[in-house]
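Presented below is the structure to which this report refers.
If you read the sequence from its start, that first residue is 1, and numbering goes on from there.
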Amino acid sequence: MTGGDKMDRERARSAGAEELAALVHHPDLEVLLGVLENPALDETQVCLLLERRNLPTEILEEMARRKALLKSYRVKRALAFHPRTPRLVSLRLLRDLYLMDLVQIAILPGVSAELKRNAEDQLLARLPQLPLGQKITLARRGPARVAGALLAEGHAQVISIVLDNPYMTEAQILRALSRERLPVSVIPAIVGHRKWSISYNVRLALVRHPAAPLATILSYLLELTVADLRELAAPGIVPENLRKYLQAEVQRRMRTGEKAGGRSAPAEDAPQSESE
């Protein structure tokens, strides 16, 4: 550190409130370190500093070391959301963030996959203790893994909301349907949903599920491929009464295919007979 740098840092350390408000925009690292050491620095000025997207990593690390600064939730949140905050600092701060701030980190573009995953883990860990109102809020806006967990819980007031969640994915629907024991209201809600009820993979999972209504399953059979029908008709996959319907549908398809093949034969033979 040069003499000039030292003087600038000393000036920043003792600057009054008005000068301090200007110094948070200073480009020099030493000046900014002096700003952090200034006893007059308040929460508002720290948050202004954290609005700088190009803030040096050293400043962010220094903030994370100062427990007095982290007593402010605004500062803690801004530090966790800063794109240049070191990953270990961000991961540590996640534990202290409020519910909807965790949701925001989990769905924001540009946030690292590791940070998103950890934010989702924090949400999932808190899920069992949350009151119904917060679960409904999460059902509307939560990330896919959280939406899937809420679906599997099966609260009547939550199911229809979570199925409409824009972050819900087919993979999470299938994950829920892979559970043999689901709350009774989950399957009818999926069967009646305008989006998920027309998904081929979801219908296939419903056919496999022991709690799916037989009438619904039978209505899906015409749309399933022969390969899937044969796989489902193997012993031990579905209940025996349903297996008989699957086998019958496979046989019907085979007969239909044979008839179609038989009708096309004369057309293929006709040119040959003329040439003879």
For a quick test of your reading: what N or O donor-acceptor pairs under 3.5 Å do the side chains of residues 121-134 make, sequence neighbours left out?
{"from": "D121", "atom 1": "OD1", "to": "R145", "atom 2": "NH1", "distance (Å)": "3.2"}
{"from": "D121", "atom 1": "OD1", "to": "R145", "atom 2": "NH2", "distance (Å)": "2.9"}
{"from": "R126", "atom 1": "NH1", "to": "L97", "atom 2": "O", "distance (Å)": "2.9"}
{"from": "R126", "atom 1": "NH2", "to": "R95", "atom 2": "O", "distance (Å)": "3.3"}
{"from": "R126", "atom 1": "NH2", "to": "L97", "atom 2": "O", "distance (Å)": "3.0"}

Worksheet item: Is a side-chain donor or acceptor of N165 paired with a backbone partner of G142 at a separation under 3.5 angstrom?
Response: yes

Worksheet item: Do you know which two heavy atoms are closest between P183 and A152, and how far apart they sit?
Response: CD-O, 3.3 Å

Worksheet, complete the sentence: Smallest heavy-atom separation, L177 atom then A205 atom, equals CD1-CB, 3.8 Å

Item to complete: Would you list the pairs meeting ring-ring contact (aromatic ring centres under 6.0 Å, His included) in which at least one residue belongs to residues 67-119, sequence neighbours left out?
Response: Y73-Y98

Discussion item. Applying ring-ring contact (aromatic ring centres under 6.0 Å, His included) as the test, list every pair that has at least one member in residues 128-167; sequence neighbours left out.
Written reply: none

Worksheet entry | Heavy-atom closest contact (L151 atom, V186 atom, distance) | O-CG2, 3.4 Å

Practice prompt. Return the minimal non-hydrogen interatomic distance between A12 and V31, and the atom names on each side.
Written response: CB-O, 3.4 Å

Worksheet entry | Set of salt bridge (charged side-chain N to carboxylate O under 4.0 Å, His left out) partners for D96, sequence neighbours left out | K76

Fill in: Side chain E223, main chain Y220, donor-acceptor under 3.5 Å
no

Worksheet item: Can you tell me how far CD of E58 sits from CE of M63, rounded to the nearest 0.5 angstrom?
Response: 12.5 Å

Worksheet item: Taking only residues two or more places apart in sequence or in another chain, which ones pass side-chain hydrogen bond (donor to acceptor under 3.5 Å, both in side chains) with R52?
Response: none

Discussion item. Strictly by side chain to side chain donor-acceptor pair (under 3.5 Å), give each pair with a member in residues 172-193 just once, sequence neighbours left out.
Written reply: D164-H193

Discussion item. Are I173 and I217 connected into the same hydrophobic cluster when the rule is that any two of I, L, V, M, F, W, Y join if their side-chain heavy atoms are below 4.5 Å apart?
Written reply: yes

Worksheet item: Where do L60 and T85 come nearest, in terms of heavy atoms and distance?
Response: CD1-N, 3.6 Å

Worksheet entry | ILVMFWY cluster, L94 and V89 together (side-chain gap under 4.5 Å) | no

Worksheet, complete the sentence: Hits for salt bridge (charged side-chain N to carboxylate O under 4.0 Å, His left out) against R65, two or more places apart or cross-chain, chain-then-number order -> E62

Practice prompt. List for me each residue that meets salt bridge (charged side-chain N to carboxylate O under 4.0 Å, His left out) alongside E43, sequence neighbours excluded, and say none if there are none.
Written response: R74

Fill in: Approximate separation, where rounding is to 0.5 Å, of D8 CG and L23 CG
9.0 Å

Item to complete: For residues R53 and R84, determine if any side-chain heavy atom of one lies less than 4.5 Å from a side-chain heavy atom of the other.
Response: no

Worksheet item: side-chain contact (heavy atoms from CB on, under 4.5 Å) between L32 and L55: does it pass, once the steps are laid out?
Response: CA-CA 10 Å; L32 294 178; L55 205 59; 4.2 Å; yes

Discussion item. Tell me if a side-chain donor or acceptor on R203 pairs with a main-chain N or O of S197 at a distance below 3.5 Å.
Written reply: yes

Item to complete: Mind checking ring pair (Phe, Tyr, Trp, His ring centres under 6.0 Å) for Y200 and listing every partner two or more places apart, or none if nothing turns up?
Response: none

Worksheet item: Which value, rounded to the nearest 0.5 Å, describes the distance between I107 atom CD1 and L102 atom CG?
Response: 11.5 Å

Worksheet item: Please, which pairs that meet side chain to side chain donor-acceptor pair (under 3.5 Å) have at least one residue in residues 105-118, sequence neighbours excluded?
Response: R87-E114

Fill in: Distance-minimising heavy-atom pair for S199 and E170
OG-OE2, 2.6 Å

Worksheet item: Taking the side chain from W196 and the backbone from L163, do they hold a donor-acceptor pair closer than 3.5 Å?
Response: yes

Worksheet, complete the sentence: One should read off an interatomic distance between I161 CD1 and M168 CE, to the nearest 0.5 angstrom, of 12.0 Å

Worksheet item: Does L79 belong to the same Ile/Leu/Val/Met/Phe/Trp/Tyr cluster as L108, with side-chain heavy atoms less than 4.5 Å apart forming each link?
Response: no

Worksheet item: Under the salt bridge (charged side-chain N to carboxylate O under 4.0 Å, His left out) test, which residues partner R13, sequence neighbours left out?
Response: E10, E37

Worksheet entry | Verdict with reasoning, L206 to V202, per side-chain contact (heavy atoms from CB on, under 4.5 Å) | CA-CA 6 Å; L206 285 166; V202 170; 4.1 Å; yes

Worksheet entry | CG-CD distance between L204 and E231, expressed to the nearest 0.5 angstrom | 7.5 Å

Worksheet entry | Enclosure of R253 CZ (heavy-atom neighbours >12, cutoff 6.0 Å) | yes

Worksheet item: Does R230 pair with E249 as a salt bridge, N-O distance under 4.0 Å?
Response: no

Worksheet entry | Over 12 foreign heavy atoms within 6.0 Å of CE, M100 | yes

Worksheet item: Taking atom CZ of R77 and atom CD of Q104, what is their separation to the nearest 0.5 Å?
Response: 5.0 Å

Worksheet item: Would L49 and Q45 count as a side-chain contact (heavy atoms from CB on, under 4.5 Å) if you check the C-alpha gap in whole Å, the side-chain angles of each, and the deciding distance to 0.1 Å?
Response: CA-CA 6 Å; L49 187 56; Q45 290 160 340; over 6 Å; no

Would you mind writing out the side-chain donor-acceptor pairs for residues 232-248 within the sub-3.5 Å range, not counting sequence neighbours?
{"from": "E240", "atom 1": "OE2", "to": "R243", "atom 2": "NH1", "distance (Å)": "3.1"}
{"from": "R243", "atom 1": "NE", "to": "A233", "atom 2": "O", "distance (Å)": "2.5"}

Worksheet item: Do L93 and V111 sit in the same hydrophobic cluster, where Ile, Leu, Val, Met, Phe, Trp and Tyr count as joined when their side-chain heavy atoms come under 4.5 Å apart?
Response: no

